[in-house]
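First listed ligand is number 1; within each ligand, the first listed atom is number 1. The shown structure was predicted, so the numbers you read here are calculated from the model rather than taken from an experiment.
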Amino acid sequence: MSTISRRNFLKFAGAGTAGAGLLGTPLARAASQARVVIVGGGVGGATTAKYIKLYAPEIDVTIVEPKREYQRPYGSSEVITGQVTMDDITISYDALKNRHGVKFVHDAVTEIDYDNKRVVTAGGKQVGYDRLVMSPGISFDFDAIEGLTEELAEKKLPHAWDAGDQLLELKAQLAAVPENGTVIVGPPPGPYRCPPGPYERAGLIAQWLLDRGDSSPRVIILDPKNGFTTDYSMLHAWNELYRFNIPEPARSKYTEEELAQLQTHDNPGPIEWIMGEMGGQILKVDAENMTVEAEAGVFEADMINIIPPLKAAQIAIDQDLTDGSGWCPVDQKTFESTRHPNVHVIGDSCIAGAMPKSGYAANSQAKVLAIQLKALLAGNEPVEPMFQNTCYALAGNTDSGMFVADVFRLKDGRIERVDEQRYLPFEATKVQKKLAALYQHNWMTAFTEDCFS
Ligand code: FAD
């Protein structure tokens with residue numbers, strides 16, 4: 001690269017890749033108009049598109065996304081328990097299209113032609129790029145649990161972990177649970193989307209059954225893990241709200257002083273958490289007889305909500321962007337795939353060091369990526385990034401909130417968490433917990449605007 005500058009080389013390389021018949025052919029574009037194509041119009045994809053347009057309006061940005069409207073998974077458990085509707089979680093792409101000038105191709109990507117730098121869609125369209133951003137979310141490993149299939153998840157055993165009609169199915173199933181019936185919630189092993197989410201859902205369901213007037217409903221959490229993000233706050237809140245007895249192995253999460261303030265209830269409430277070391281690992285599900293076999297034994301249930309192990313979205317797997325872990329390895333500064341150049345993977349699909357798989361994290365990565373892409377496309381060096389994440393959660397009672405708040409920086413090439421206070425303190429007052437619940441609801445609105453408006 002001695003006779004031409006890196007900047008001109010990139011323009012030249014970009015211009016030379018697209019063939020006739022492609023959307024945005026080089027001849028039709030101004031020389032400076034680099035093309036970024038984004039696969040997936042969810043949190044990561046939408047935020048990247050919007051922020052590239054804010055930082056560098058001259059860049060041509062196209063989102064390829066099959067759906068005409070986005071249904072947000074974040075905050076979607078409240079559809080099951082009726083606090084919000086499907087309309088409330090459905091988001092229009094109009095602002096991205098009309099206010100920010102983002103182009104859309106409403107189709108699913110089926111192939112990435114790395115050599116010619118273009119994506120191919122199910123409908124046969126070809127869209128050329130200079131830089132490709134992948135934020136296609138997640139897929140599910142149904143084979144990991146005997147008796148579970150993708151077909152069963154559509155109707156009888158919905159996971160409802162990616163929004164969609166499965167939420168309505170689960171809502172109907174909850175309404176049909178007989179008085180004082182049993183619900184099983186099966187959180188996945190890590191890493192997975194929304195670390196506090198399965199436990200928040202269990203709490204919401206318990207609260208819903210109690211509000212209905214059930215005197216002794218059961219919500220059994222069969223968990224392959226021994227801990228989860230916010231467990232310190234969640235178990236404490238359940239102990240206060242639901243006569244929940246903290247399992248013996250989990251008591252080590254608290255100091256002696258804190259343990260002295262926790263209650264032991266003779267007549268425990270609805271929620272039981274059977275953690276990994278107590279035999280919570282699910283081995284088999286029998287949809288016909290509505291039983292779940294775990295290491296601890298066989299459980300009968302009126303409703304079963306198992307969230308299977310997660311992996312990167314199918315398109316990322318099919319197009320060779322994942323490694324043996326099932327997720328996409330990336331350079332931690334630029335999110336460029338370590339497997340294919342000029343392709344950046346963000347959001348739930350990527351391996352982002354210590355960052356969790358959350359909407360907040362995907363949004364934070366997207367904003368950094370927008371800055372990095374502007375630099376890279378102009379032939380400049382990427383900046384030293386910093387990231388944030390806050391996951392809010394409800395204990396079940398919508399007046400009792402909690403959060404985990406983190407800042408992340410690069411350390412020896414890996415995204416690491418800055419060690420600071422992360423949770424509400426043990427001695428948080430009722431008002432502070434109510435405020436945390438309020439923050440969650442306000443965040444949901446402000447965050448959605450930040451990504452999509
Ligand atoms: P997504 O938002 O899932 O977007 C992926 C998009 O890619 C989809 O629109 C999909 O249609 C599209 N796509 C897939 N394949 C293709 C293809 N082949 N071609 C084109 N497009 C494709 N996060 C928080 O921060 N806070 C919360 O409180 C929170 N609560 C949650 C509660 C629940 C119950 C759940 C399930 C999740 C929650 N999350 C929360 C997590 C959050 O929703 C996800 O982490 C976030 O949506 C990830 O963004 P993403 O861009 O990676 O994927």
What's the shortest distance from [atom] to any protein heavy atom, and which residue and atom give it?
atom: atom 23 (N) of ligand 1; answer: G359 N, 2.9 Å
atom: atom 12 (C) of ligand 1; answer: E65 OE1, 3.2 Å
atom: atom 49 (O) of ligand 1; answer: V43 CB, 3.7 Å
atom: atom 4 (O) of ligand 1; answer: G42 CA, 3.3 Å
atom: atom 47 (O) of ligand 1; answer: Y70 OH, 3.4 Å
atom: atom 14 (C) of ligand 1; answer: P136 O, 3.3 Å
atom: atom 3 (O) of ligand 1; answer: R193 NH2, 2.7 Å
atom: atom 29 (C) of ligand 1; answer: Y74 CB, 3.3 Å

Set of side-chain hydrogen bond (donor to acceptor under 3.5 Å, both in side chains) partners for T182, sequence neighbours left out =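 In terms of side-chain hydrogen bond (donor to acceptor under 3.5 Å, both in side chains), with neighbours along the sequence ignored, T182 is linked to no residue.
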Under the side-chain hydrogen bond (donor to acceptor under 3.5 Å, both in side chains) test, residues paired with T398 that sit two or more places apart |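 With neighbours one apart ignored, the set is empty.
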Nearest-option assignment for atom 26 (N) of ligand 1, heavy atoms, candidates W443, Y392, F403 = W443
Could you say whether the N/O atoms of G347 and ligand 1 ever approach to under 3.5 Å?
-> no
Does an N or O from K67, backbone or side chain, lie closer than 3.5 Å to an N or O of ligand 1?
-> yes
Using a distance-only test with no angle check, is there a side-chain donor-acceptor pair under 3.5 angstrom linking Y51 and D450?
->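 Y51 vs D450: donor-acceptor pair found between side chains.
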Does one side chain, of D87 or T85, offer a donor that lies under 3.5 Å from an acceptor on the other?
-> no
Side chain, backbone, both or neither: which applies to [X] and ligand 1 if a contact is any heavy-atom pair less than 4.0 Å apart?
X: V64; result: backbone
X: I315; result: side chain
X: A313; result: neither

Quick one: do [X] and [Y] make a salt bridge, cutoff under 4.0 Å?
X: K333; Y: E384; answer: yes
X: D60; Y: R35; answer: no
X: R131; Y: E336; answer: yes

Is it true that [X] lies under 4.0 Å from ligand 1, counting heavy atoms only?
X: S76; result: yes
X: G75; result: yes
X: A108; result: yes

Could you label the plane-to-plane angle of the F403 and Y392 rings as parallel, tilted or perpendicular, counting under 30° as parallel and over 60° as perpendicular?
-> perpendicular
Find out whether I306 and L157 are in side-chain contact, i.e. whether some heavy atom of one side chain is under 4.5 Å from a heavy atom of the other.
->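 With C-beta onward as the side chain, the pair stays apart.
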Can you tell if the side chain of H236 reaches within under 4.5 Å of the side chain of M402, non-hydrogen atoms only?
->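 Result no, sub-4.5 Å side-chain heavy-atom pair not found.
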Would you mind running through ligand 1 and noting each atom that sits below 4.0 Å from a heavy atom of G44?
-> 51 (O)
Atoms in ligand 1 flagged as close to V39, the criterion being non-hydrogen separation under 4.0 Å = 19 (N), 20 (C)
Would you check if the side chain of E272 reaches a backbone N or O of I220 as a donor-acceptor pair within less than 3.5 Å?
-> no
W273: which of F244, F228, W238 passes ring-ring contact (aromatic ring centres under 6.0 Å, His included) |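 Looking at F244, F228, W238, the match for W273 under the ring-ring contact (aromatic ring centres under 6.0 Å, His included) is F228.
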